[in-house]
**Q** 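My structure is below; once you've seen it, I'll send some questions.
Bear in mind that the values here come from a model prediction, so they are computed numbers and not experimental data.
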Amino acid sequence: MTSVFDSIDAEVFQTYLFWSSVLVMKMLLMSPLTSLTRVRKMAFANPEDASAVSKKLKPKLDDPDVERVRRAHLNDLENILPFFVIGFLYLLTNPAPFLAINLFRAVAVSRILHTLVYAVVVVPQPARFLAFMGGMVPTVYMTLQTILYFMI
């Protein structure tokens with residue numbers, strides 16, 4: 001008996017795993033980036049963290065630079081996690097290898113660029129919008145292709 005998993009192209013699967021791993025690493029690095037920004041700005045969220053630096057330092061929850069990094073991290077969670085799911089489901093549609101490989105690359109590179117222009121070196125719009133759309137459009141495309149492929 002054949003399985004839906006038998007049709008997955010090995011190179012496409014390997015590419016999906018590679019870029020998914022890169023995106024996991026990217027998301028893991030967002031926490032230290034937030035911490036470094038908090039230390040640089042002396043904007044700690046918890047009293048024990050603030051008092052460890054100075055007894056006079058109070059928690060600060062509204063630093064714009066810290067919040068920018070936190071928003072970038074939240075944006076990753078909102079966009080990268082769905083990519084993991086739909087990217088895998090898209091593999092099951094037996095996509096053209098060239099297209100699938102480049103869709104995975106586009107999402108990953110766009111998400112990295114999004115963080116760079118949003119939280120690391122703030123670049124004026126439309127840089128963030130373009131980086132966001134560079135990941136969103138391929139993800140929506142894969143979603144629609146998957147829905148159409150498995151539609152009953």
Side-chain angles (χ1 to χ4, degrees), residues 8 11-93 95-150:
I8 296 176
E11 182 184 11
V12 175
F13 187 56
Q14 181 178 354
T15 302
Y16 166 76
L17 293 176
F18 172 79
W19 286 111
S20 292
S21 298
V22 168
L23 288 173
V24 167
M25 179 60 72
K26 182 241 173 295
M27 287 195 316
L28 289 173
L29 291 173
M30 292 305 291
S31 293
L33 180 60
T34 303
S35 297
L36 288 171
T37 307
R38 284 191 184 283
V39 169
R40 182 174 55 83
K41 298 296 300 264
M42 301 302 272
F44 302 100
N46 301 303
E48 63 273 15
D49 298 336
S51 67
V53 174
S54 168
K55 299 295 181 203
K56 295 179 183 179
L57 196 60
K58 300 290 181 210
K60 184 176 182 185
L61 301 174
D62 60 351
D63 183 85
D65 295 329
V66 172
E67 290 307 307
R68 179 176 287 275
V69 176
R70 292 183 70 230
R71 286 191 306 271
H73 195 176
L74 179 60
N75 194 278
D76 281 348
L77 295 172
E78 294 169 348
N79 292 278
I80 293 174
L81 296 179
F83 164 74
F84 292 153
V85 174
I86 201 59
F88 181 76
L89 296 176
Y90 181 66
L91 287 171
L92 303 178
T93 68
F98 177 81
L99 178 61
I101 287 167
N102 285 298
L103 288 171
F104 298 153
R105 286 177 182 155
V107 171
V109 170
S110 294
R111 292 309 311 168
I112 292 166
L113 286 174
H114 181 270
T115 296
L116 291 175
V117 301
Y118 189 27
V120 178
V121 178
V122 179
V123 177
Q125 288 286 23
R128 188 174 83 231
F129 172 75
L130 293 173
F132 175 80
M133 293 308 289
M136 179 60 77
V137 170
T139 303
V140 169
Y141 173 81
M142 289 185 284
T143 303
L144 292 173
Q145 288 300 114
T146 303
I147 288 169
L148 292 172
Y149 185 86
F150 289 107

**Q** So how far is it from Phe104 CZ to Tyr16 OH, rounded to the nearest 0.5 Å?
**A**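 One gets 7.5 Å once the value is rounded to the nearest 0.5 Å.
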**Q** How many angstroms lie between atom NE2 of His73 and atom CG of Leu29, to the nearest 0.5 angstrom?
**A**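 Separation between the atoms: 10.0 Å.
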**Q** What closest approach, in Å, do Ala45 and Pro59 show between heavy atoms, and which atom pair accounts for it?
**A**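 Nearest pair, atom of Ala45 first, then Pro59: O-CB, 3.6 Å.
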**Q** Atom CE of Met133 and atom OG of Ser110: how far apart are they, to the nearest 0.5 Å?
**A**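 Here the rounded value is 10.5 Å.
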**Q** Would you give the length of the straight line joining atom CG of Leu28 to atom CG of Leu33, rounded to the nearest 0.5 angstrom?
**A**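 Answer for the CG-CG pair, Leu28 versus Leu33, is 13.0 Å.
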**Q** Any side-chain heavy atom of Ile112 within less than 4.5 Å of one from Leu116?
**A**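 A side-chain contact exists here, since the closest heavy-atom pair is under 4.5 Å.
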**Q** Which atom pair, heavy atoms only, marks the closest approach of Arg70 to Thr34?
**A**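 Taking Arg70 first and Thr34 second, the nearest heavy atoms are CG-CG2, 3.9 Å.
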**Q** Between the side chain of Asn46 and the main-chain N/O of Asp49, is any donor-acceptor distance below 3.5 Å?
**A**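 No, the answer is negative, given that no donor and acceptor are paired below the 3.5 Å cut-off.
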**Q** Given side chains that start at C-beta, do those of Glu11 and Ile101 come closer than 4.5 Å, heavy atoms only?
**A**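 Yes, their side chains come closer than 4.5 Å.
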**Q** To the nearest 0.5 Å, what is the distance between CZ (Phe44) and CG (Leu61)?
**A**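 Phe44 CZ to Leu61 CG: 12.5 Å, rounded to 0.5 Å.
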**Q** Please examine the side chains of Asp65 and Arg40, heavy atoms only from C-beta on, and report whether any two atoms are closer than 4.5 Å.
**A**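 In contact.
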**Q** For Asp62 and Glu67, what are the C-alpha separation, side-chain angles and deciding distance, and is it a side-chain contact (heavy atoms from CB on, under 4.5 Å)?
**A** CA-CA 7 Å; Asp62 60 351; Glu67 290 307 307; 5.7 Å; no
**Q** If you count heavy atoms of other groups shown closer than 6.0 angstrom to CD of Gln14, is the number above 12?
**A**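 Counting other residues, nucleotides and ligands, CD of Gln14 stays at 12 neighbours or fewer.
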**Q** Within this structure, what is the NZ-OG distance for the pair Lys56 and Ser51, rounded to the nearest 0.5 Å?
**A**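 The NZ atom of Lys56 sits 14.0 Å away from the OG atom of Ser51.
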**Q** Going by ring pair (Phe, Tyr, Trp, His ring centres under 6.0 Å), name the pairs with one or both residues in residues 119-146, residues two or more places apart or in two chains.
**A**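 Found none.
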**Q** Kindly state each residue pair satisfying ring pair (Phe, Tyr, Trp, His ring centres under 6.0 Å) with at least one member in residues 107-126, sequence neighbours excluded.
**A**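 For residues 107-126: His114-Tyr118.
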**Q** Between Val107 and Leu23, what is the shortest heavy-atom contact and its length?
**A**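 Distance-wise, the nearest heavy atoms are CG1-CD1, 4.4 Å.
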**Q** Tell me the closest heavy-atom pair linking Val69 and Met30, and the distance in Å.
**A**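 Heavy atoms only, the tightest pair is O-CE, 3.7 Å.
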**Q** Surrounding CZ of Arg68 (heavy atoms of other residues, nucleotides or ligands, distance under 6.0 Å), is the total greater than 12?
**A**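 Check passes, neighbour count above 12.
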**Q** Please tell me if the side chains of Lys41 and Arg38 come closer than 4.5 Å, counting only heavy atoms from C-beta onward.
**A**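 Contact flag for Lys41/Arg38 side chains = no.
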**Q** List the atom pairs, donor and acceptor, that lie under 3.5 Å between side-chain atoms in residues 76-92 and the rest of the protein, sequence neighbours left out.
**A**
{"residue": "Asp76", "atom": "OD1", "partner": "Arg111", "partner atom": "NH2", "Å": "2.9"}
{"residue": "Asp76", "atom": "OD2", "partner": "Lys26", "partner atom": "NZ", "Å": "2.5"}
{"residue": "Asn79", "atom": "ND2", "partner": "Asn75", "partner atom": "O", "Å": "2.8"}
{"residue": "Asn79", "atom": "ND2", "partner": "Asn75", "partner atom": "OD1", "Å": "3.1"}

